[in-house]
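Reviewing the structure listed below.
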Amino acid sequence: TKSDVFNVSVGGAFIGQRQTQAQTKTDLRIAEMVSLPILAVLLFWFFRGVVAAIIPLIMSFLTIAGAMALARIVHIFVPIDTYTLNVITILSVGLSIDYSLLAVNRFRDELHAGHGAAQSAKRTTRTAGRTILFSGLTVVVCLLSMLLFPVGFMRSVSIGGAAAVLVAVIVSVVLLPPALQLLGKKINMGSFSPKFAVAKGWRQLARVVTRHPYYALGAGLVIIGLLVWPVASFQTTSFDWRVLPNNKSAHHVGKILDERFTVQEASLTVLADFEEAPTAVQLCQLAKAIQHVEGVTAVQAAYVSTASTPDCKVLPQLMAQLQAQSPEQAMLLSKTAAQYVSGRYVRVEVVPDYNVNDPKMRQLIERLQRVSDVTGANIAVGGQAARAQDTLAAYQQSVPYVVAIIAVAMFVILSLLLGSIILPLQAIVINSLALLISLGVLVMVFQFGWGAEALSLTATGGFELSIPILIFVIAFGLSMDYAVFLYSRMHEVYDVTGNADKAIIEGMTKTGPIITAAALLLFVVVSAFASSRIAIIQQIGVGLAVAVLVDAFFVRTILVPAIMKLFGAA
């Protein structure tokens, strides 16, 4: 609306959802356009060659196309959330690059060792292909564990993410080896060095850490302590206007209402089920009982409101008098009351004293449910605040089962891959510590607001619980990805030499450059998504970016070799 006197802005949940979806699609396109050229340059640098650098990009395009097509088919049967597209893109690009780095480098190593193209492709499939298969399996299990959450958003991301991983594994194990065989020594065309320049640095670092494991482990624990402490202050919240950029009308309306108005909206709805159609007295008694519950500011119900609270016992007489004196007003009152009654069901709109995210809201809902003891009706509580509390409770109830499934599955998969009991337990514990660091950084930035403005990020004061869970599951899967790369190569060397120290050093030397490159490339991808204008996508991007860097440059360089040295041959 245009006017010289006033400006009109439209907000609310529906408008906010529409604007969030539109902004997410725009941000996704921008992230792809920004990240892909940077990825191309970095791939050329890491592979030291043109042909080898092109392969991961082709794999990424194939994986994204295949995963999106598969998600489109799944969407026929199961709704796919908008945010799932971002997760599919991140996983498709990230895993395609990880797997192609591993396979291409192994293939070039085999060629360098004097094997022919066909033999090198077979040896690459037996070693790197097996690692990719188990790695993909770990990520898929992590993602599918989210199906246990009785929330559509998490199930959508679970299915979409698993589709991306599945396509990435198929492309890497089925299409890539024959492509490498056809290329043969042409894989090194345009190369100025087939080896990573950082390999010597990883070898030297591995030697230093294995010589001084206690110092390395002590330094690692200090770093963990410094970055993890904010987790103790973690707070949950729900999606609201704060997730939108400030140039959106829903953000503007929400902010003005929050700062300038005392808005009392009915965020709880009480539904009462009587055995038969209730009388006017029963309707009045129900509303009055709810009105007197601790934590209720106001009610909107049949015959009762904040401004009008009649004596329920004399309500029939009052209605009869009103009918005699003013039939029109009596009819109007009956019509108004009828809006809250349908057969034996009665609704009462409740304005609570607390906001949606207040922990006291759960106690208020429980007190409202106990109104059935007074009225005799079966009581159910719904509405915005109840949905938020029920969703939070659903997450909290499901988290232990999800964590248990992931832990058991990771233990079994890694045990089968490595033939060890110690290594899977070690990987699970170390990866969990790394993810706590990521969560600590998220709390500092998005909850405390430290550096948020300087980084052009939106501080939300808390987290919708699904976002940290999503970050944890994806990051845990990706960190297991790197763990499988490293441990499988160490195990391979140990099987040949029987020397634990040599296995640690050689494993880090061979896979360290791959992990470093993969982490930096994935960091570019998730950082591009962190530049989104939507706070939710920012949180996912920053959380994954920190998790990737911590895993590659802290966990794999300090914690893993130090602990491996302490365990020795075990």
Side-chain angles (χ1 to χ4, degrees), residues 43 47 51-71 73 88-111 115-144 159-184 186-187 409-410 412-419 474 477-489 491-492 510-511 514-515 517-518 521-522:
L43 284 168
F47 277 113
V51 175
I54 292 174
I55 292 175
L57 291 176
I58 295 174
M59 286 184 60
S60 298
F61 287 125
L62 290 174
T63 304
I64 291 174
M68 291 293 185
L70 190 56
I73 295 171
I88 288 175
T89 303
I90 289 173
L91 287 174
S92 296
V93 175
L95 292 178
S96 295
I97 289 174
D98 284 359
Y99 296 159
S100 59
L101 278 168
L102 184 66
V104 171
N105 276 281
R106 187 58 185 250
F107 181 73
R108 295 170 84 180
D109 285 344
E110 296 296 342
L111 288 177
H115 301 292
Q119 186 65 16
S120 295
K122 289 179 182 178
R123 292 172 68 88
T124 297
T125 305
R126 276 201 303 269
T127 54
R130 182 171 181 266
T131 301
I132 289 169
L133 195 60
F134 275 89
S135 170
L137 186 58
T138 61
V139 183
V140 166
V141 169
C142 287
L143 289 166
L144 290 182
I159 295 170
V165 179
L166 179 63
V167 174
V169 171
I170 291 173
V171 171
S172 303
V173 175
V174 177
L175 298 181
L176 184 56
L180 292 175
Q181 181 177 338
L182 290 173
L183 282 172
K186 292 179 182 177
I187 192 73
M410 293 305 100
V412 172
I413 292 170
L414 291 179
S415 295
L416 292 173
L417 174 66
L418 304 171
I474 295 176
L478 292 174
S479 63
M480 278 297 180
D481 206 28
Y482 298 152
V484 169
F485 291 178
L486 180 58
Y487 290 144
S488 60
R489 196 61 182 254
H491 193 271
E492 189 179 327
K510 292 292 185 183
T511 61
I514 298 173
I515 292 173
L521 292 165
L522 185 57

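Numbering of residues begins at 1 and proceeds along the displayed sequence. In this text the structure is predicted, and so the values were computed from the model without any measurement. Heavy-atom basis, side chains included; hydrogens, waters and symmetry copies ignored.
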Any [X] side-chain heavy atom under 4.5 Å of [Y] side chain:
X      : Y      : answer
Ile90  : Ile474 : no
Ile97  : Ser60  : yes
Thr89  : Met68  : yes
Val484 : Leu414 : yes
Leu95  : Thr63  : no
Val171 : Leu176 : no
Arg130 : Leu417 : yes
Leu133 : Val169 : yes

Roughly how far apart are [X] [atom1] and [Y] [atom2], rounded to 0.5 Å?
X      : Y      : atom1 : atom2 : answer
Arg106 : Lys510 : CZ    : NZ    : 8.0 Å
Ile132 : Ile170 : CD1   : CD1   : 13.0 Å
Ile58  : Ser96  : CD1   : OG    : 11.5 Å
Asp109 : Thr124 : CG    : OG1   : 8.5 Å
Leu91  : Leu478 : CG    : CG    : 6.0 Å
Leu111 : Ser120 : CG    : OG    : 4.0 Å

For residues [X] and [Y], report the shortest heavy-atom separation together with the two atoms involved.
X      : Y      : result
Arg108 : Ile187 : CG-CG2, 4.1 Å
Met410 : Cys142 : CE-SG, 4.0 Å
Ala117 : Gly184 : CB-CA, 3.8 Å
Leu180 : Phe107 : O-CZ, 3.2 Å
Pro177 : Ala121 : O-CB, 3.9 Å
Ser172 : Met59  : OG-CE, 3.0 Å

Original post:
With distance as the sole test, does His491 use its side chain to make a donor-acceptor pair with the main-chain N or O of Leu418 at under 3.5 Å?
Top reply: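 The answer is yes, because a donor-acceptor pair under 3.5 Å joins these two groups.
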
Contacts table for residues 160-167: side-chain donor-acceptor under 3.5 angstrom, sequence neighbours left out:
none

> For Tyr482, which residues count as a side-chain hydrogen bond (donor to acceptor under 3.5 Å, both in side chains) partner, sequence neighbours excluded?
Replying inline: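 Per chain and number, Tyr482 pairs via side-chain hydrogen bond (donor to acceptor under 3.5 Å, both in side chains) with no residue.
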
